[in-house]
**Q** 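I have a structure here, written as structure tokens, and I will follow up with some questions on it.
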Amino acid sequence: MIELGSILVFLVIGYVFGTLAEKRHFRSLREREVLSQELPALVADTVDTTQQIEQAYLVVGATVIAIDYFKAFAAALRSFFGGRVAVYETLLERARRESILRMKAEAAGCDLIVNVRIETSSIGGEHQGKNKINSVECYAYGTAIRYARH
Amino acid sequence: MKVVTKIPEEQHNYGKQSHLVEFLWLVLGVLALVFGVYIVSGWLVGFFVHFIPQETERKLFAKLTQALAPESDRVLSAELQGMIDRLVRATPEIEIPISVRVIEGDAPNAMALPGGVILVTKKLLQKAGSQNEIMMVLAHELGHFRLRHHLRGLGRGVILLGTMIVLGGEPEASSFISPSSQLVSRSFSRADEAAADEYALETLDRAVGHVGGATDFFEKIATMELGLPGMSYLSTHPPSSDRVRALRAMIAQRGYRELALDPKPRSLPN
């Protein structure tokens, strides 16, 4: 019973803090996305060749987000039945959008980022001899373009 | 080409439903799964154990019982053996020799080891007021043999272990399956105790001719138990006050007589 009690405590802590952080993060993402609207990021690997390009360089943005106990638990339960793992969907969405925003921050003063790619990797740990994912890293990178000013 | 940044009005990449609601559904689903598997297999085990001969059970556990059973008091054990023999004579369904051993112990307690050995603590003999009271306790332990409770418990344990191995891929999930299936196994265990009580009452009536003193022991230990409401779901035995009530109801319903009690034999401790 003590076992069950400690699980419950961890779940409550994970849920309360995880949900608060997630809500706050989504709000902040939205605000910063609006602010950085002036700088488009494209997957296309071509640029407008009618304009003279003054500078082109690599920009990167990396985010690592930890999984809380609640998310890990809910995902483990989900694996019995299959289906959408909603708790991880929001986690990865946050990591991707945050990475793009950080990449954009590196490209301050540029007109465009092209050839944007996103890599995801899990940072695992070992638990009871099993590989267990503790946090996830999203790494966004692209080529920042600055056109010549006339 | 005009390149712009579009921020979608609505997001489509993740579900909008509350994680908590989803989580609760998942918990309910897994609990239903585990309870379902466990309860159904519990019934199946309960059904099939009766096909295992008692002699097979005795042979199976003979070594274990030898190793487990501590030193016993010969004089007291012989006294109790007489009572057990009297009970066994009244129940033709018991096919294997049942032996009884008296052991030291701080609590008034008796237990049945698998394979036909009953342990009784000296403390219980001290607390007991009559021979009938002791015989009721012995008959209850006899009931555990007759109803094959050890094999059923063992079978359920094996199934629980199997379920844990199959579902145990996720450490978080199995850590919560284990305590919740304990709740189920304890409810089985409480049902076993109640069944053994019923058997004991019948056997006592057949062996002695009346059921006087049948509830005495449980009444004594009822006063020693802490009465926390709701705790009965966590315990392996039903609360003693409930057991007394159930026995009383059975006595009234079947019209068992309650005559004068036989005194406790002099050789037993006071």
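So that the names make sense, note that chain A is the first sequence line, chain B the second, and so on, each numbered from 1. Hydrogens, waters and symmetry mates play no part in the numbers below; they use all other heavy atoms, side chains included.
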**Q** Side chain, backbone, both or neither: which part of A:L112 has a non-hydrogen atom closer than 4.5 Å to chain B?
**A**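 Contact with chain B is through the side chain of A:L112 alone.
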**Q** Is there a donor-acceptor pair closer than 3.5 Å between any side-chain N or O of A:E33 and the backbone N or O of B:I7?
**A**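 Side chain of A:E33 to backbone of B:I7: no pair is present.
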**Q** Salt-bridge test for A:R84 and B:E22: reply yes if a basic N is under 4.0 Å from a carboxylate O, no otherwise.
**A**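 No, A:R84 and B:E22 are not salt-bridged.
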**Q** Would you say A:Y139 has more than 12 foreign heavy atoms packed within less than 6.0 Å of its OH?
**A**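 Incorrect, the count does not exceed 12.
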**Q** Under 4.5 Å heavy-atom distance to chain A, tell me which part of B:V3 shows up: side chain, backbone, both or neither.
**A**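 Interface part for B:V3: both.
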**Q** Between A:A86, A:A74, A:A44, A:S36, which shows the greatest number of heavy-atom pairs under 4.5 Å with chain B?
**A**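 Answer, by heavy-atom pair count under 4.5 Å with chain B: A:A86.
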**Q** What's the spacing between A:T90 OG1 and B:Q11 CD if we round to 0.5 Å?
**A**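 Rounded to the nearest 0.5 Å, the OG1-CD separation comes out at 9.5 Å.
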**Q** Please tell me if the side chains of B:L26 and A:R78 come closer than 4.5 Å, counting only heavy atoms from C-beta onward.
**A**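 Result yes, sub-4.5 Å side-chain heavy-atom pair found.
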**Q** Which heavy-atom pair separates A:F81 from B:G29 by the least distance, and what is that distance?
**A**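 Closest approach of A:F81 to B:G29, heavy atoms only: CZ-C, 3.5 Å.
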**Q** List the atom of B:T5, the atom of A:Q37, and the distance in Å for their closest heavy-atom pair.
**A**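 Result for this residue pair: OG1-O, 2.9 Å.
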**Q** Could you tell me if the side chain of A:F70 sits less than 4.5 Å from the side chain of B:H19, heavy atoms only?
**A**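 With C-beta onward as the side chain, the pair touches.
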**Q** Using 0.5 Å steps for rounding, measure from the CZ atom of B:F23 to the OH atom of A:Y15.
**A**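 Here the rounded value is 10.5 Å.
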**Q** Are any non-hydrogen side-chain atoms of A:L92 and B:Y14 less than 4.5 angstrom apart?
**A**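 SC-SC contact between A:L92 and B:Y14 ruled out.
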